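Reviewing the structure listed below.
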Amino acid sequence: MKVFKFGGASVKDAEGVKNVAKIISAHKEDPLLVVVSAMGKTTNALEELLQLSLEHQSFQEQVNSLYEYHLQIVKALFSDLRHEVHFQLAQRFQSLTRALHKAKKQNAAQAYDEIVAHGELISTIIVQAYLADTGHSCRWLDARDYISTNSLHKEAQINWSLTSSKITRELPGLMEEEVMITQGFIGRSPEGETTTLGREGSDFSAAIFATCLNADSVTIWKDVPGVLNADPKLIKNTVLYPQLSYTEAAEMTYYGASVIHPKTIKPLANHKIPLLVRSFYHPEEPGTRIFEMDHQMEAPAIIFKKKQTLISFNIRDISFITERNLSHLFFLLDLLHIKINLMQNSAISFSICIDSNPAKTEALIGNLENEYDIYYNSDLTLITIKNYTPELIEELSEGKEILLEQKTRSNFQIVVR
Ligand code: ASP
Ligand code: MG
């Protein structure tokens with residue numbers, strides 16, 4: 001039993017959907033559950049639509065162009081203009097329009113989830129219909145019937161026991177008969193509302209299904225050959241890791257590698273389910289295998305985490321930063337759900353590097369400005385080199401304004417403008 005996940009880039013056009021069908025077709029001898037994201041940049045477009053609605057602006061034109069985008073894909077895939085998928089597409093867009101009209105009267109995060117979920121619902125309808133049309137026996141599943149979450153809209157947390165009992169009750173039997181096509185990223189709250197798991201959460205959805213099904217493996221099909229030691233858009237001469245340990249992969253996602261969603265690794269590691277990252281352009285290549293093993297990365301990993309804010313808290317009088325100061329700071333960081341990406345302290349100051357979030361930064365500073373002189377810079381990048389070499393440090397530091405630097409035995413990190 002296997003779980004596949006295809007991201008938005010893999011189904012951004014009709015050719016993409018055909019390619020996905022080809023890959024599924026080559027693997028359907030094993031029971032298979034396939035998680036699919038929204039097509040191309042649909043999720044961003046849906047976020048913009050919600051924004052327009054909340055700002056009381058007209059959104060119909062943008063809804064039309066998103067409809068047109070999906071319609072072009074459908075037309076290229078189905079020669080029959082009366083194919084049921086046309087009707088389903090129109091219906092989902094009507095539901096989207098209704099949700100957009102309703103959004104202003106709702107809690108914003110709840111409206112977000114209801115609206116944004118349309119991206120994956122629509123993409124999976126199209127993919128399933130195409131597979132069925134080309135002779136594959138497959139079934140569309142509403143992931144919300146299986147993924148049970150709490151009511152924390154936009155970053156809902158999984159109710160594992162409920163999710164697991166729903167998944168194990170009927171899916172293994174169904175999977176014996178047909179390929180399952182379902183959505184990533186979405187779930188349902190105890191109140192029956194649609195929830196989402198956080199942007200790029202489809203990898204995590206695949207891991208949830210795989211864990212509950214005790215699958216043999218999860219494969220994330222991507223537009224890169226596997227897990228590379230750096231983002232090829234930022235660094236020349238990247239190398240592919242043929243294999244990584246769970247810990248190494250989790251560490252890379254922690255420092256900001258965007259190849260896998262950070263929450264994906266842990267449930268798979270707990271159940272020793274291998275995670276494969278492979279190219280949908282070159283499905284014959286093995287890609288990267290992430291599993292439990294003793295391993296030392298073949299090449300240093302270079303990770304850029306953008307949109308960082310560096311905040312320094314300076315003690316006012318001639319006292320020092322004490323454990324009591326730190327304890328209060330950490331208490332507030334926890335309370336405000338602010339995750340520290342890097343920290344450093346000196347005699348009279350304490351600095352943290354965090355993901356930029358103006359509202360959270362403002363709340364933190366508001367709580368502490370009476371006690372400290374606070375300085376901060378935004379729009380920074382945190383660069384991490386895991387298993388650094390002196391040459392790499394020199395190359396990556398060159399010509400950059402370094403605001404903070406930290407070196408341990410294995411890691412070198414700088415915050416730069
Ligand atoms: N479609 C969602 C997003 O773009 C979820 C995902 O792709 O993983 O964030
Ligand atoms: Mg995506």
Side-chain angles (χ1 to χ4, degrees), residues 6-21 34-106 108-134 138 140-144 153-154 181-186 193-196 199-202 205 223:
F6 290 97
S10 67
V11 288
K12 68 179 194 300
D13 50 27
E15 282 316 305
V17 176
K18 288 182 187 170
N19 185 48
V20 164
V34 182
V35 169
V36 185
S37 302
M39 293 177 150
K41 301 268 175 249
T42 298
T43 307
N44 293 353
L46 290 166
E47 285 185 345
E48 283 160 27
L49 282 172
L50 170 63
Q51 209 43 44
L52 288 174
S53 161
L54 294 178
E55 289 166 2
H56 297 265
Q57 296 190 49
S58 122
F59 47 75
Q60 199 51 53
E61 207 174 301
Q62 281 86 338
V63 173
N64 293 347
S65 71
L66 193 60
Y67 180 60
E68 196 52 39
Y69 164 66
H70 286 91
L71 189 61
Q72 287 313 318
I73 295 176
V74 165
K75 281 184 177 161
L77 293 173
F78 303 88
S79 47
D80 180 1
L81 288 174
R82 288 156 310 172
H83 192 289
E84 202 200 337
V85 70
H86 285 277
F87 172 70
Q88 290 177 315
L89 184 66
Q91 228 181 11
R92 292 287 169 176
F93 271 90
Q94 280 161 13
S95 144
L96 171 63
T97 308
R98 277 198 302 275
L100 284 165
H101 280 295
K102 200 173 72 176
K104 292 180 283 284
K105 295 173 218 128
Q106 263 176 308
Q110 189 179 328
Y112 175 97
D113 286 350
E114 187 177 343
I115 287 163
V116 163
H118 281 78
E120 342 301 280
L121 292 166
I122 292 167
S123 72
T124 49
I125 286 171
I126 297 172
V127 170
Q128 191 273 339
Y130 179 72
L131 279 165
D133 207 52
T134 48
C138 59
W140 184 86
L141 296 179
D142 190 330
R144 296 171 296 183
H153 286 281
K154 288 184 88 168
I181 307 292
T182 194
Q183 307 79 39
F185 181 50
I186 65 173
E193 303 289 346
T194 301
T195 53
T196 60
R199 284 300 308 264
E200 306 301 329
S202 295
S205 300
D223 56 0

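Note that the coordinates shown come from a computational prediction; the quantities given were computed from them, not determined experimentally.
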Can you give me the closest heavy-atom contact between [X] and [Y], atom names plus distance?
| X | Y | answer |
| --- | --- | --- |
| A129 | H83 | CB-CE1, 4.2 Å |
| L77 | A14 | CD2-O, 3.6 Å |
| S53 | A103 | OG-CB, 3.7 Å |
| Y67 | A90 | OH-CB, 3.9 Å |
| L50 | A108 | CD2-O, 4.4 Å |
| Q128 | C138 | NE2-O, 3.1 Å |

Min side-chain heavy-atom separation [X]-[Y] under 4.5 Å:
| X | Y | answer |
| --- | --- | --- |
| L49 | V63 | yes |
| E68 | L71 | yes |
| L100 | L52 | no |
| H118 | S95 | yes |
| K12 | Y69 | yes |
| V11 | I73 | no |
| Y130 | V85 | no |
| Q110 | E114 | no |

| query | Within a radius of less than 6.0 Å around CD of E61, do more than 12 heavy atoms belonging to other residues, nucleotides or ligands occur? | reply |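 12 or below, so no.
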| More than 12 foreign heavy atoms under 6.0 Å from CD of E84: is that the case here? |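 No.
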| field | Step-by-step side-chain contact (heavy atoms from CB on, under 4.5 Å) determination, F93 to I122 | value | CA-CA 9 Å; F93 271 90; I122 292 167; 3.6 Å; yes
To the nearest 0.5 Å, what is the distance between [atom1] on [X] and [atom2] on [Y]?
| X | Y | atom1 | atom2 | result |
| --- | --- | --- | --- | --- |
| K102 | K105 | NZ | NZ | 9.0 Å |
| S202 | Q183 | OG | CD | 9.5 Å |
| Q106 | D113 | CD | CG | 10.0 Å |
| S10 | M39 | OG | CE | 9.0 Å |
| T196 | E120 | OG1 | CD | 9.0 Å |
| Y112 | T194 | OH | OG1 | 13.0 Å |

| request: Could you tell me whether a side-chain N or O of H70 sits under 3.5 Å from a main-chain N or O of L66, the two making a donor and an acceptor? | output: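 Confirmed, H70 side chain pairs with L66 backbone.
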| request: Go through the steps to decide whether Q88 and I126 satisfy the test side-chain contact (heavy atoms from CB on, under 4.5 Å), and finish with yes or no. | output: CA-CA 9 Å; Q88 290 177 315; I126 297 172; over 6 Å; no
| task | Apply the test side-chain contact (heavy atoms from CB on, under 4.5 Å) to residues L121 and W140: give CA-CA distance (whole Å), side-chain angles for both, the deciding distance (0.1 Å), then the verdict. | result | CA-CA 10 Å; L121 292 166; W140 184 86; 3.8 Å; yes
| request: State, without any angle test, whether N19 and E15 hold a side-chain donor-acceptor pair at a distance under 3.5 Å. | output: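 The answer is no; no qualifying pair exists.
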| request: Can you spot which of I181, V34, V35 makes a side chain to side chain contact (heavy atoms under 4.5 Å, CB included) with T124? | output: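 Among I181, V34, V35, the one meeting side chain to side chain contact (heavy atoms under 4.5 Å, CB included) with T124 is I181.
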